[in-house]
Number of protein chains: 2
Amino acid sequence: MFSPDHANYPNTGRFLAGRLRHEMSEDERAGLETLVSEVKDHKNGDRLIARGDTCNHSTMLIEGFTLRTLEADDRRHGVSFHVPGDFIDLHCFTLKKLDHNIDCVGPVKVGLVPHEAIADVMKDKPHLARLLWFSTLLDAAMHREWIFKLERLTTPKRIAHIFAEIWRRLQMVGMGFDDGFETPLRQSDIADMCGATAIHTNRALSFLREEGIANFQRGEVRIKSRERLEAFAEFSQDYLYGDGDLSLAGDGIKAA
Amino acid sequence: MFSPDHANYPNTGRFLAGRLRHEMSEDERAGLETLVSEVKDHKNGDRLIARGDTCNHSTMLIEGFTLRTLEADDRRHGVSFHVPGDFIDLHCFTLKKLDHNIDCVGPVKVGLVPHEAIADVMKDKPHLARLLWFSTLLDAAMHREWIFKLERLTTPKRIAHIFAEIWRRLQMVGMGFDDGFETPLRQSDIADMCGATAIHTNRALSFLREEGIANFQRGEVRIKSRERLEAFAEFSQDYLYGDGDLSLAGDGIKAA
DNA sequence: CGAATAGTTGAGGCTTCTCAAGGTACGTGG
DNA sequence: CCACGTACCTTGAGAAGCCTCAACTATTCG
């Protein structure tokens, strides 16, 4: 169902894998790969971009895991996360100044894409431009699901929802295992994404462990039954626009 | 600071007012106005679009107020709202099937924009296309602020935050008053946007009234001190990309 | 005027927070 | 190999926020 062109396109081969990558021509895939002008490595805790920075390039996440965060007082809040293949801050091409930070969790490899290169795509390759737009709209759809989740679910269910989302998104880009996944996230990172304290998050994780829903231990997440996890979390993958009810397969974006 | 071209462009004159409208040429303004192929009226409670609908047009909100909602069991949750001038579901041009509903609150007038017309813009008017993209990214930025708000604030502060946002957004498009604003929202709608019960929302509104922060009574919102309201709500208008720290004024989108 | 919608109030219970104290894994230097 | 430091995780207890159930009141509209 997914085909991470990772061998052919080491920097961008995971972009939109499991979503609309099947709509990209070889020409577009190759064109996208050439947008990356520079590859950089970062370490755990690095802040790739800080709120308010003016940027003239955008960032493709090649390896690793990042968080989008907002801060107030001394508390950090997570508003979304990224897995390899995500165009982390494509929106800053258009917004110019970002409203949030991008923080590395664990070691990270990114590809930099100059904004002039994206402007050329806008001008000359409307179909690829539309796919780039699509990827920013996916972000927005995920944000909406998070809002829904925060309005509706208790902390244990929020955590289960995050696990379900990470697992699905990793698998879409050819990562993750049949019985779970690995992540550099610590309990406090999960707390930041749930709007809960680290202490309460710890208790909620114990609960998930005791109930046999998900076993999180220092970044190793083992899940016995995806069905049970997703039911508990009231999770449905539709909003990821992969295989669910809202899937675009066979009905996708026609050349603009 | 804002100039709602409402007289010249009755259907689209509020689009991006107070944000990047000043960057639109007369040509682009006129072109945008002609995108609207049909104007429709709706009444309170109408569902303009339901989750999963396939759409071949997008919707400009001309008059009135709408909510984006997601439902589960018998509970409705609000993930964002729209004021006149908002391109409510521009993203369905690219996503094709929406992940959420659009519900009318009070009487509503909308303009329909066929997707072929938007595709032409993508092909022939890259700068206008980029402004359309920008408007969907504004949505995403507002979503992120909501996530932050839900993770961080108690119900009284969430409500104050919503009031602060509505007020600012109305003023950007030339609506709203110096001492508050009017809205067709009921207490239960506010509850849906806060992830709280209507009962708790009622108590929180009483609290805001007693404290003199905001007086909400059947859609009339009176606010003595914007400063006090925004401080209480930990609200900063930056994320609306109007006048705040992230403002693009004088530094906006160059022709692509 | 009556019905329907919208808003208000009270009491008991669950969820989450705060403050405070321990426990465990893992790397570094002796 | 052990001692120690640091980051991460765990546990307990009391308080605050929010929910549910169950009334009751006010406003709007036919």
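The sequence lines fix the lettering, A, B, ..., with proteins before strands; numbering per chain opens at 1.
Ring geometry for F163(B) against F216(B) counts as parallel: the plane angle stays under 30°, on a 0 to 90° scale with 60° as the upper cut. The aromatic rings of H161(A) and Y239(A) lie parallel to each other, with less than 30° between the two planes, well short of the 60° mark. In this pair, F207(B) and F232(B) present their aromatic rings tilted. The plane angle is within the 30 to 60° band.
Listed by residue number, the members of residues 203-211 of chain A with any heavy atom below 4.0 angstrom from DNA chain D are R203(A), R209(A).
Side-chain atoms of N101(A) do not come within 3.5 Å of backbone N or O of A50(A) as any donor-acceptor pair. Remark: side-chain polar atoms of R158(B) are paired, donor with acceptor, to backbone N or O of L150(B) under 3.5 angstrom.
For dC9(D), neither phosphate oxygen OP1 nor OP2 lies less than 4.0 angstrom from any side-chain nitrogen or oxygen of Q217(A).
Put simply, CZ on F181(B) and CZ on R168(B) are 12.5 Å apart, with the number rounded to the nearest 0.5 Å. Within the model, atoms CG of L153(A) and CD of E151(A) stand 10.5 Å from one another, a figure rounded to the nearest 0.5 Å. L137(A) contributes atom CG, which lies 9.0 Å from atom CG of D139(B) (distance to the nearest 0.5 angstrom).
To the nearest angstrom, P of dC9(D) lies 12 Å from CD1 of I159(A).
Within 4.0 Å (heavy atoms only), A196(B) reaches sugar-phosphate atoms of the nucleic acid but no base atom. Residue G195(A) is classed as a sugar-phosphate contact, given heavy-atom separations below 4.0 Å to backbone atoms only.
Geometric assessment of R169(A) against the ring of F81(A) yields a positive cation-pi assignment under the 6.0 Å and 45° thresholds.
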Full working for salt bridge (Lys or Arg N to Asp or Glu O under 4.0 Å) between E71(A) and R51(A): CA-CA 9 Å; E71(A) 286 176 318; R51(A) 175 185 163 92; over 6 Å; no

Could you list, one pair per line, each protein nitrogen or oxygen that sits under 3.5 Å from a nitrogen or oxygen of nucleotides 15-17 of chain D, together with the distance?
none

Show each protein N/O and nucleotides 22-30 of chain D N/O combination with a separation under 3.5 Å, one pair to a line.
none

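D99(B) and R144(A) are joined by a salt bridge, as a carboxylate oxygen and a charged side-chain nitrogen come within less than 4.0 angstrom of each other. For D46(B) and K40(B), the salt-bridge test fails: no basic side-chain N is under 4.0 Å from an acidic carboxylate O. Salt bridge annotation for K149(B)-E234(B): absent, with no cationic side-chain nitrogen under 4.0 angstrom from a carboxylate oxygen.
Projected onto DNA chain C by closest heavy-atom contact, R75(A) and L185(B) fall at different nucleotides, the more 5' of which corresponds to L185(B).
Between S58(B) and C92(B), the shortest heavy-atom distance links the atoms OG-SG, 3.8 Å.
Listed by first and then second residue, the side chain to side chain donor-acceptor pair (under 3.5 Å) pairs involving residues 186-198 of chain B are R75(B)-D192(B), R76(B)-D189(B), R76(B)-D192(B), Q187(B)-N202(B) (not counting sequence neighbours).
Taking the 5' to 3' direction, DNA chain C first and last meets chain B under 4.0 angstrom from a heavy atom at dA6(C) to dA11(C).
Direction of the helix axis in the helix from dC1(C)-dG30(D) to dG30(C)-dC1(D) shifts by 40° between the two five-pair termini, rounded to 10°.
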